[in-house]
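Worksheet for the structure shown next.
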Amino acid sequence: MTTTASPPPATAPARRRPRRRRSSDRGLNRAFRWLAVGAGVLILAVLAAVALFLLWQAWPAVTAGSEELAASVPRFPEGSSFLGFVGPLVFGTLLAAILALAVATPLAMGVALFISHYAPPRLAQVLGYLVDLLAAIPSVVYGLWGFFVLAPVAVPVWEWLNQYLGWFPLFAGVASPTGRVLATVAIVLAVMILPIITAVSREVFLQTPKLHEEAALALGATRWELVRTAVLPFGRSGVISAAMLGLGRALGETMAVLMILSPGFLYSFHILESAQQQTIAAYIALDFPEASGLAVNTLIATGLVLFVITLAVNMGARAIVARRKDFSGAN
């Protein structure tokens with residue numbers, strides 16, 4: 001009678017010792033950590049240095065009297081303070097940027113939705129490339145296009161708006177025969193910020209969870225209902241961020257505004273009339289080559305005001321996005 005040998009009892013696998021980190025790995029991790037911390041601190045230091053420089057150079061203009069400023073600064077209104085002088089510039093800057101944002105944001109959202117959810121893949125790729133190419137065009141080229149092409153073409157349109165919609169404050173006044181008005185500047189700025197808003201919005205719309213889209217389609221939603229119920233709520237915070245980036249570009253644009261706009265120093269909503277408004281950046285570029293002494297300090301002071309406006313816009317955008325964090329792509 002033969003007997004079979006029973007198999008040996010199974011032994012527990014030997015526990016693998018954790019690999020000890022080499023000293024070189026620890027050194028690289030430590031170096032990368034300090035490099036990242038140093039980069040963040042450097043950004044804050046540069047921002048603080050810029051703010052301190054502007055404040056230091058602007059202080060003589062802020063504390064100077066109205067008579068001294070009127071004697072040193074061209075086009076400074078007699079008997080006015082620095083705040084009274086910079087007020088119309090702030091008004092013109094905000095008005096031009098808001099008008100450009102109002103024109104560019106709906107158009108950019110439409111282009112982004114078409115590229116991300118409507119266009120065939122090849123056409124979407126070509127359109128995305130063309131939109132991104134707009135961001136590479138220098139602002140001087142936009143200024144030349146606005147001066148020689150857009151302004152003459154827009155004159156009949158502005159005259160029609162002034163004739164039939166002149167009861168509305170934006171279209172009141174006397175339409176300029178040259179087209180060098182704030183309305184033309186707003187259109188040029190809208191074209192300039194269009195690629196920024198479109199590119200960011202497109203990437204946000206593409207991050208919409210596929211399960212959300214498939215669930216909407218399974219419930220019988222049309223393409224527009226899919227966009228309205230799934231895509232737009234998810235990408236709302238991203239669109240707001242894109243719009244604020246475009247607004248920052250519009251606030252600081254210089255050459256295009258300088259080449260197109262016929263400047264003025266008034267609190268005026270008449271965007272079809274010339275010699276009404278002026279922006280801070282265009283004013284600095286126009287007067288800086290011939291400025292000296294207190295006039296330079298005044299220009300730097302207006303730059304400080306623009307710096308504060310841009311900082312406030314970015315902080316406001318962060319606050320709005322933080323309130324909509326539940327719909328962000330990270331979640």
Side-chain angles (χ1 to χ4, degrees), residues 92-116 118-119 122-155 157-158 176 178-206 238-263 271 277-286 288-289 303 306-307 309-310 313-314 317:
T93 302
L94 294 178
L95 182 60
I98 291 173
L99 290 175
L101 191 66
V103 174
T105 302
L107 183 60
M109 291 181 61
V111 174
L113 286 172
F114 179 76
I115 293 175
S116 60
Y118 286 90
R122 291 186 178 181
L123 180 59
Q125 184 177 5
V126 174
L127 288 178
Y129 174 76
L130 292 178
V131 170
D132 294 338
L133 190 62
L134 289 176
I137 300 176
S139 59
V140 176
V141 177
Y142 280 111
L144 293 173
W145 171 73
F147 184 87
F148 289 106
V149 178
L150 182 61
V153 171
V155 168
V157 179
W158 303 152
S176 173
T178 63
R180 299 181 58 188
V181 294
L182 194 67
T184 306
V185 171
I187 298 299
V188 174
L189 291 179
V191 176
M192 296 180 68
I193 66 177
L194 180 67
I196 300 175
I197 305 176
T198 302
V200 178
S201 300
R202 178 189 64 204
E203 296 302 322
V204 172
F205 293 153
L206 288 174
V239 172
I240 294 174
S241 301
M244 292 302 104
L245 286 175
L247 180 61
R249 170 73 186 276
L251 287 172
E253 180 52 41
T254 304
M255 289 307 300
V257 180
L258 179 64
M259 298 172 67
I260 298 172
L261 184 62
S262 178
I271 62 174
Q277 305 90 2
Q278 176 66 299
T279 65
I280 294 177
Y283 167 74
I284 294 174
L286 181 64
F288 188 80
L306 181 60
F307 177 83
I309 293 174
T310 306
V313 167
N314 290 331

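This is a predicted model, so every value here is computed, not measured. Heavy-atom basis, side chains included; hydrogens, waters and symmetry copies ignored.
In this structure, Thr93 contributes its side chain and Ile280 its backbone to a donor-acceptor pair below 3.5 Å.
In this structure, Leu123 CG and Phe114 CZ are separated by 5.0 Å, a value rounded to the nearest 0.5 Å. A distance of 3.5 Å separates CG of Leu144 from CE of Met259, quoted to the nearest 0.5 Å. Atom CD1 of Ile284 and atom OG1 of Thr254 lie 7.5 Å apart (nearest 0.5 Å). Taking CD1 of Ile260 as the start and CE of Met255 as the end, the distance is 10.5 Å to the nearest 0.5 Å. Taken from CG in Leu95 to CD1 in Ile98, the straight-line distance is 7.0 Å, to the nearest 0.5 Å.
Side-chain contact between Val239 and Val204 is absent, with no heavy-atom pair separated by less than 4.5 Å. Leu94 places a side-chain heavy atom less than 4.5 Å from the side chain of Leu251.
For Ser241, the side-chain contact (heavy atoms from CB on, under 4.5 Å) partners two or more places apart in sequence, or in a different chain, are Val321. Not counting sequence neighbours, the partners of Val126 by the side-chain contact (heavy atoms from CB on, under 4.5 Å) test are Leu130. Leu101 meets the side-chain contact (heavy atoms from CB on, under 4.5 Å) test with Thr105, Ile193, Ile197, Ala243, Met244, Leu247; sequence neighbours excluded. Listed by chain and number, the residues in a side-chain contact (heavy atoms from CB on, under 4.5 Å) with Ile137 are Leu134, Val141, Tyr142 (sequence neighbours excluded).
Here salt bridge (charged side-chain N to carboxylate O under 4.0 Å, His left out) pairs that include residues 246-260, with residues two or more places apart or in two chains, are Arg249-Glu253.
The two residues Ala135 and Pro195 make their nearest non-hydrogen contact at N-CG, 3.7 Å. Nearest heavy atoms, Ala285 versus Pro289: O-CD, 3.5 Å. Ala199 and Asp132 make their closest contact through CB-OD1, 3.8 Å (heavy atoms, listed as atom of the first residue, atom of the second, distance). Taking each heavy atom of Phe205 and Met109 in turn, the nearest pair found is CE1-O, 4.2 Å. Heavy atoms only, all atoms of each residue included: Ile196 and Gly246 are closest at CG2-N, 4.4 Å.
Within 6.0 Å of CZ on Phe288 lie no more than 12 heavy atoms contributed by other residues, nucleotides or ligands.
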(request) Could you please spell out the steps behind the side chain to side chain contact (heavy atoms under 4.5 Å, CB included) verdict for Arg202 and Leu127? (result) CA-CA 11 Å; Arg202 178 189 64 204; Leu127 288 178; over 6 Å; no

(request) Take Leu107 and Leu194 through the side chain to side chain contact (heavy atoms under 4.5 Å, CB included) test and state the conclusion after the steps. (result) CA-CA 8 Å; Leu107 183 60; Leu194 180 67; 4.1 Å; yes

Solution key, residues 181-192 side-chain donor-acceptor pairs under 3.5 Å, sequence neighbours excluded:
from, atom 1, to, atom 2, distance (Å)
Thr184, OG1, Trp158, NE1, 3.0
Thr184, OG1, Gly179, O, 2.6

